[in-house]
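Heads up: the structure comes next, in structure tokens.
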Amino acid sequence: MGGASESMADDTGRGAGHRAGTAMAALDAHGVVRAWSREAELLSGIMTADAIGLFAGRLLADPEVALGAPAFTDSSRWGSGWSGIVALRRGDGTPLDVYLRVRPLTERDGGVRWLVGATEMTAVPSWPMNGAGVQALLTGAPIGIAVRDTDLRCTWVNDALALQDGIPREKRLGRRLTEVLPGPDAESVEAVMREVLRSGKPEVDHEYRAWMPTKPQQEHAFSTSFFRLDDADGRTLGVCAMSVDVTDRQRARERLAVLSEASTRIGTTLEVMRTGQELADLAVARIADYATVDLAESVEEGEDSLARLGSTNGRVPAFRRAGAASIHEGVPESLWSRGETVSVPVPSPFTEVLASGASHLEPVLNTSLGTWLDRDQERLDRIRRYGMHSLMIVPIHARGAVLGVAVFVRMGDSVPFEADDLRLAEELVARAALSLDNARRYVRERAAALALQRNLLPGRLVGGVAVEVASHYVPADTQRGVGGDWFDVIPLSGARVALVVGDVVGHGINAAATMGPAPGRGAHARQHGPVP
């Protein structure tokens, strides 16, 4: 009964079967009862031994309903079956309204049997639900539904599943999942289905990935739930799979994981160059095969950066490579080492990004004649040598200033960048930009404090006639190098000398300024560091 099993699996999958207390019966081609479930006994009050061999019409209060049902009389409508509300004649002669569903079970020889399900009206929803409604519910459901037999071959599928994974119905029917979506993910799904068939325990929210046949470079994530289908006698008919595309959810989860990792791996110090390298390292580990970070030289020196490239009348400012990382050891793709001055071709996507402040996404890198790469042969040679095929350029800006650019590249067999990848790269760069700007401001403040402090140091110390005084600048805070500790050398009468030590609370430019000579104290030196 290969054909019968297929139809039974289809009906069980449609109506949720006897799990909801549905009474099940099987009829032969003449409408004679050949199987009678325990639920049927409870619903009708007729025992199995008494029901077997009866014409189904005798079980109804009005036998004409069975004789006139189109599902029995019109072979052209066998495929859709029949459903409706009828009065069942119970064993004690009293009628009982039930919701009846009749589905054909096609035999291999073309013959037909019938699977009948009956549900007491108290268990049926009050809103109208006829056979057409059930069919519409399944075929029009926004989730993908497929029924597979005990060999895991597809026997029924709705339209939503084809829209999800791009596999047409005719290619799926009669085949296993591994035959239409080969790969380890499909094999793991089949392993789950076999376990569901064996144990009868449903598997909920099993996630797997698959490549769309219509878009072979686009990976999708699916969440699928499986449950076993049994007939009224407890025999296993197959397994039903209900699938939802969760690609967006999966990407959001991965994006949050990357951003969470960025918060701990980028900006670990207040060093501009190290922060740039941390950004490149994280990008290659998560979204790119090759990444570079180039910063304006003014950023490394702690100076204010440009709001836009246009403010220089088209002149490209000097850039320095702060970070470079690759899937290849030694970063052979990079034309410049860290710390070297970077050449920015004009015009190019780099200058467009610097001028506009907007990112550049080029899913398929255009290396044909007539592009900006014609004027940058050395860069073009590297692109072709390492199979670079997809490009993103993201400006690094913070507080209205453009600090530099981050470049992300995919090579070889990697899938091209998409809009989601660009959004992730922009969020990643935005976090790094704050750390870079903080480092730039720190460099500027530290340089100013050091300059102020050095200017406050005396050119010559005097200890009077009693002693000779010498000093050496040794910062107590080796990290910042600027503070408010000080000493003073004061000549006194009688060949005496006073050595005074003091401390200004805090660090930085404010502490250095406070350390300076107070009004009216004279020009004695207050120097940051230990007493000589």
Would you please name every residue forming a side chain to side chain donor-acceptor pair (under 3.5 Å) with [X], sequence neighbours left out?
X: S390; value: none
X: T178; value: E190
X: E203; value: none
X: T264; value: none

Is the number of heavy atoms from other residues, nucleotides or ligands within 6.0 Å of CZ (R194) greater than 12?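 Above 12, so yes.
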Holding to side-chain contact (heavy atoms from CB on, under 4.5 Å), I want the full list of residues that pass it with [X], two or more places apart in sequence or in another chain.
X: V331; result: Y290, A324, S326, E333, S334
X: L259; result: R255, L424, E427, L428, R431
X: D413; result: none
X: T48; result: W36, E41, I52

Just by distance, do the side chain of [X] and the backbone of [Y] share a donor-acceptor pair under 3.5 Å?
X: R89; Y: G57; value: no
X: T275; Y: E271; value: yes
X: R148; Y: R153; value: no
X: T351; Y: P347; value: no
X: R410; Y: V415; value: yes
X: R384; Y: L380; value: no
X: S359; Y: V394; value: no
X: D245; Y: I143; value: no
X: R90; Y: L43; value: yes
X: T371; Y: T367; value: no

Give a yes or no on whether a salt bridge exists between [X] and [Y], defined as a side-chain N under 4.0 angstrom from a carboxylate O.
X: E195; Y: R198; value: yes
X: R176; Y: D151; value: no
X: R321; Y: D294; value: yes

Aromatic plane relationship, H328 with Y386 - under 30° parallel, 30 to 60° tilted, over 60° perpendicular: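 Y386 and H328: tilted rings.
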Just to verify, what does [X] make a salt bridge (Lys or Arg N to Asp or Glu O under 4.0 Å) with, not counting sequence neighbours?
X: R265; answer: E261
X: D205; answer: R249
X: R34; answer: D28

[X] versus [Y]: any side-chain heavy-atom pair under 4.5 Å?
X: T236; Y: L229; value: no
X: V189; Y: H206; value: yes
X: H397; Y: L403; value: no
X: E362; Y: L365; value: yes

Starting at [atom1] of [X], measure out to [atom2] of [Y] and round the result to the nearest 0.5 Å.
X: I287; Y: D421; atom1: CD1; atom2: CG; value: 7.0 Å
X: L152; Y: L177; atom1: CG; atom2: CG; value: 9.0 Å
X: L42; Y: E120; atom1: CG; atom2: CD; value: 11.0 Å
X: L88; Y: L100; atom1: CG; atom2: CG; value: 8.5 Å
X: L354; Y: S348; atom1: CG; atom2: OG; value: 8.0 Å
X: D50; Y: L59; atom1: CG; atom2: CG; value: 10.5 Å

Give the minimum heavy-atom separation between [X] and [Y], together with the two atoms involved.
X: P363; Y: P416; answer: O-CB, 3.4 Å
X: P395; Y: G357; answer: CG-O, 3.3 Å
X: I145; Y: C240; answer: CG2-SG, 3.9 Å
X: A280; Y: G323; answer: CB-C, 4.0 Å
X: V33; Y: A35; answer: CG1-O, 3.6 Å
X: V180; Y: R175; answer: CG1-CD, 3.9 Å

Q277 and D281: side-chain donor and acceptor closer than 3.5 Å?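 The criterion, which ignores hydrogens and geometry beyond distance, is satisfied for D281 and Q277.
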Going by atom types alone, do D149 and T155 pair a side-chain donor with an acceptor below 3.5 Å?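 No, no side-chain donor-acceptor pair sits under 3.5 Å.
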Given side-chain contact (heavy atoms from CB on, under 4.5 Å), test V102 with L115 step by step and report yes or no. CA-CA 6 Å; V102 182; L115 182 65; over 6 Å; no
Side chain to side chain contact (heavy atoms under 4.5 Å, CB included) partner of I383, chosen from L373, L391, V409: L373
Checking F408 against V429 for the side-chain contact (heavy atoms from CB on, under 4.5 Å) test, could you report, in this order, the C-alpha distance in whole Å, the side-chain angles of both residues, the deciding distance, and whether it holds? CA-CA 11 Å; F408 307 91; V429 169; 3.8 Å; yes
After noting the C-alpha distance and the side-chain angles of I396 and L295, does the key distance pass the side-chain contact (heavy atoms from CB on, under 4.5 Å) rule? CA-CA 8 Å; I396 305 173; L295 301 175; 4.0 Å; yes
Partners passing ring pair (Phe, Tyr, Trp, His ring centres under 6.0 Å) against F226 (at least two apart in sequence or in another chain):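 Testing F226 for ring pair (Phe, Tyr, Trp, His ring centres under 6.0 Å), a comparison that skips the adjacent residues, returns none.
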Give the intermediate values and the outcome of side-chain contact (heavy atoms from CB on, under 4.5 Å) for residues M24 and V116. CA-CA 6 Å; M24 305 297 295; V116 179; over 6 Å; no
